[in-house]
Enquirer: 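Dumping the structure here so I can ask a few things about it.
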Amino acid sequence: MSSTLNVYLVDLAELAAVVGSKDNERLDRMLAWEPDALLLGFDTDDRDDHVERNKDALRKIFAGGPFDDDDAEHYVEALELICEDLGGPPFSGARFRFGSGDLPSIIEELASGMMEEDPFPDTPDLAESIEIAEGNGWGHMSKGDCAEELDHWERAVAEDPDYCAPFGPRIVEWLRRSKEVDKDLIGFWG
């Protein structure tokens, strides 16, 4: 089964600052979004329940908990909604298949790069809950890592336009944009 990766330009520290912030103004603005925006384009049989669970996940993230493992997928979606609020809609994306063998490490990092680090040390329950999400996930690549990787990817794609096809040119675009705006890359898959 293939997945879709949405890529955002947002500082991870800015996202982490929202967790437990009790920023009711931002939360209220987001809760007032249209249901389709709160669904992130997911097609679900139970739209109303899904929207309400995403809203509840937003409330819990802004409050700093408590977090329930049964809502892990909704916390991931809520974090994506917060990224959209902080940095605008995803600027790029990709369709991919886990375990395909030819997946570039950057795609894997943006799809699952949070498995080994806790971006929210003040709320470990959130990271533990998100880790068990099965239908979606997220990852991160720092702006420093993007800048370091850019030269390699630009050269590789210039020498061989089929390098890591079909992802190579798209990855170069992501790395360039990260460097241009001095933001991290945060990816969400589902």
Enquirer: Carefully, step by step, assess W138 and C83 under the rule side chain to side chain contact (heavy atoms under 4.5 Å, CB included).
Expert: CA-CA 11 Å; W138 72 309; C83 280; 5.8 Å; no
Enquirer: Between L5 and F188, is there a side-chain heavy-atom distance shorter than 4.5 Å?
Expert: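 Side-chain contact under 4.5 Å: no.
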Enquirer: Can you find a pair of side-chain heavy atoms, one from S142 and one from L12, that are under 4.5 Å apart?
Expert: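 Result no, sub-4.5 Å side-chain heavy-atom pair not found.
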Enquirer: Sort and list the pairs that fulfil ring pair (Phe, Tyr, Trp, His ring centres under 6.0 Å) and have at least one residue in residues 10-37, not counting sequence neighbours.
Expert: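 Applying ring pair (Phe, Tyr, Trp, His ring centres under 6.0 Å) to every pair that reaches into residues 10-37, excluding sequence neighbours, yields nothing.
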Enquirer: Output yes when E154 and R176 qualify as a salt bridge under the 4.0 Å nitrogen-oxygen rule, no when they do not.
Expert: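 Yes.
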Enquirer: Salt bridge (charged side-chain N to carboxylate O under 4.0 Å, His left out): which pairs involve residues 135-149, sequence neighbours left out?
Expert: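 Sorted result for residues 135-149: D11-K143.
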Enquirer: Checking D85 now: which residues fulfil salt bridge (charged side-chain N to carboxylate O under 4.0 Å, His left out) with it, not counting sequence neighbours?
Expert: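 Salt bridge (charged side-chain N to carboxylate O under 4.0 Å, His left out) list for D85, sorted by chain: R26, R29.
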Enquirer: Going by side chain to side chain donor-acceptor pair (under 3.5 Å), name the pairs with one or both residues in residues 162-173, residues two or more places apart or in two chains.
Expert: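 Only H152-Y163 qualify under side chain to side chain donor-acceptor pair (under 3.5 Å).
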Enquirer: Kindly write out the residues that satisfy ring-ring contact (aromatic ring centres under 6.0 Å, His included) with Y75, not counting sequence neighbours, or none if the list is empty.
Expert: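 Scan of Y75 (ring-ring contact (aromatic ring centres under 6.0 Å, His included), adjacent residues dropped) gives F67.
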Enquirer: Could you work out, with salt bridge (charged side-chain N to carboxylate O under 4.0 Å, His left out) as the rule, every residue matching D182, not counting sequence neighbours?
Expert: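 Salt bridge (charged side-chain N to carboxylate O under 4.0 Å, His left out) list for D182, sorted by chain: empty.
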Enquirer: Start with the C-alpha gap between K183 and R177, add the side-chain angles, then the distance that decides, and say whether side chain to side chain contact (heavy atoms under 4.5 Å, CB included) holds.
Expert: CA-CA 8 Å; K183 299 277 186 183; R177 289 281 294 140; over 6 Å; no
Enquirer: Looking at F167 and A94, what are the two nearest heavy atoms and their distance?
Expert: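 So the minimum-distance heavy-atom pair works out to CE2-CB, 3.9 Å.
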Enquirer: Contact between L79 and I61 at the side-chain level, heavy atoms closer than 4.5 Å - yes or no?
Expert: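 Counting from C-beta outward, L79 and I61 do come under 4.5 Å.
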Enquirer: Can you find a heavy atom in the side chain of E84 that is under 4.5 Å from one in the side chain of P90?
Expert: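 The answer is yes; the side chains approach within 4.5 Å.
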Enquirer: Applying side-chain hydrogen bond (donor to acceptor under 3.5 Å, both in side chains), can you list everything that pairs with S21, at least two apart in sequence or on another chain?
Expert: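 So S21 forms no side-chain hydrogen bond (donor to acceptor under 3.5 Å, both in side chains) with any residue.
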Enquirer: Could you measure the distance from the CG atom of L39 to the CG atom of D48? Nearest 0.5 Å is fine.
Expert: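 Output value for this atom pair is 9.0 Å.
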Enquirer: How would you list, by chain and number, every residue that makes a side-chain hydrogen bond (donor to acceptor under 3.5 Å, both in side chains) with N6, sequence neighbours excluded?
Expert: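 Counting only residues at least two positions away or on another chain, N6 forms a side-chain hydrogen bond (donor to acceptor under 3.5 Å, both in side chains) with E80.
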Enquirer: So which heavy atom on V10 is nearest to which on I186, and how close?
Expert: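 The pair with the smallest heavy-atom distance is O-CD1, 3.7 Å.
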Enquirer: Of all heavy-atom pairs between L38 and N54, which one has the smallest distance, and what is that distance?
Expert: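 Residues L38 and N54, closest heavy atoms: O-ND2, 2.8 Å.
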Enquirer: What's the shortest heavy-atom distance between L185 and V7, and which atoms?
Expert: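 What the structure gives for the nearest pair is CD2-CG1, 3.8 Å.
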Enquirer: Output yes when E73 and R53 qualify as a salt bridge under the 4.0 Å nitrogen-oxygen rule, no when they do not.
Expert: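 R53 and E73: not salt-bridged.
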Enquirer: So L9 and D184, side chain to side chain contact (heavy atoms under 4.5 Å, CB included) or not? Walk me through it.
Expert: CA-CA 6 Å; L9 291 161; D184 300 323; over 6 Å; no
Enquirer: Is the closest side-chain heavy-atom distance between D68 and D71 below 4.5 Å?
Expert: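 D68 reaches D71 side chain to side chain.
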Enquirer: Any heavy-atom pair between the side chains of E25 and D23 that's under 4.5 Å?
Expert: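 The answer is yes; the side chains approach within 4.5 Å.
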Enquirer: How would you list, by chain and number, every residue that makes a side-chain hydrogen bond (donor to acceptor under 3.5 Å, both in side chains) with D28, sequence neighbours excluded?
Expert: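 Testing D28 for side-chain hydrogen bond (donor to acceptor under 3.5 Å, both in side chains), a comparison that skips the adjacent residues, returns none.
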Enquirer: Pairing donors with acceptors under 3.5 angstrom, does anything connect the side chains of W174 and S92?
Expert: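 Yes, a side-chain donor-acceptor pair sits under 3.5 Å.
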Enquirer: Tell me, yes or no, whether the heavy-atom count around E34 atom CD, taken from other residues, nucleotides or ligands under 6.0 Å, exceeds 12.
Expert: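 Incorrect, the count does not exceed 12.
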Enquirer: Return the set of residues passing side-chain hydrogen bond (donor to acceptor under 3.5 Å, both in side chains) with E52 (not counting sequence neighbours), or none when no residue passes.
Expert: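 So E52 forms no side-chain hydrogen bond (donor to acceptor under 3.5 Å, both in side chains) with any residue.
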Enquirer: In chain order, what residues pass the ring-ring contact (aromatic ring centres under 6.0 Å, His included) check against F62, with sequence neighbours excluded?
Expert: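 F62 satisfies ring-ring contact (aromatic ring centres under 6.0 Å, His included) with no other residue.
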Enquirer: Any side-chain heavy atom of M141 within less than 4.5 Å of one from L175?
Expert: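 In short, these two side chains touch, coming nearer than 4.5 Å.
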Enquirer: List in chain and number order the residues that pass salt bridge (charged side-chain N to carboxylate O under 4.0 Å, His left out) with D56, two or more places apart in sequence or in another chain; answer none if no residue qualifies.
Expert: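 Expected list: K60.
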Enquirer: Any side-chain heavy atom of R47 within less than 4.5 Å of one from D36?
Expert: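 They are in side-chain contact.
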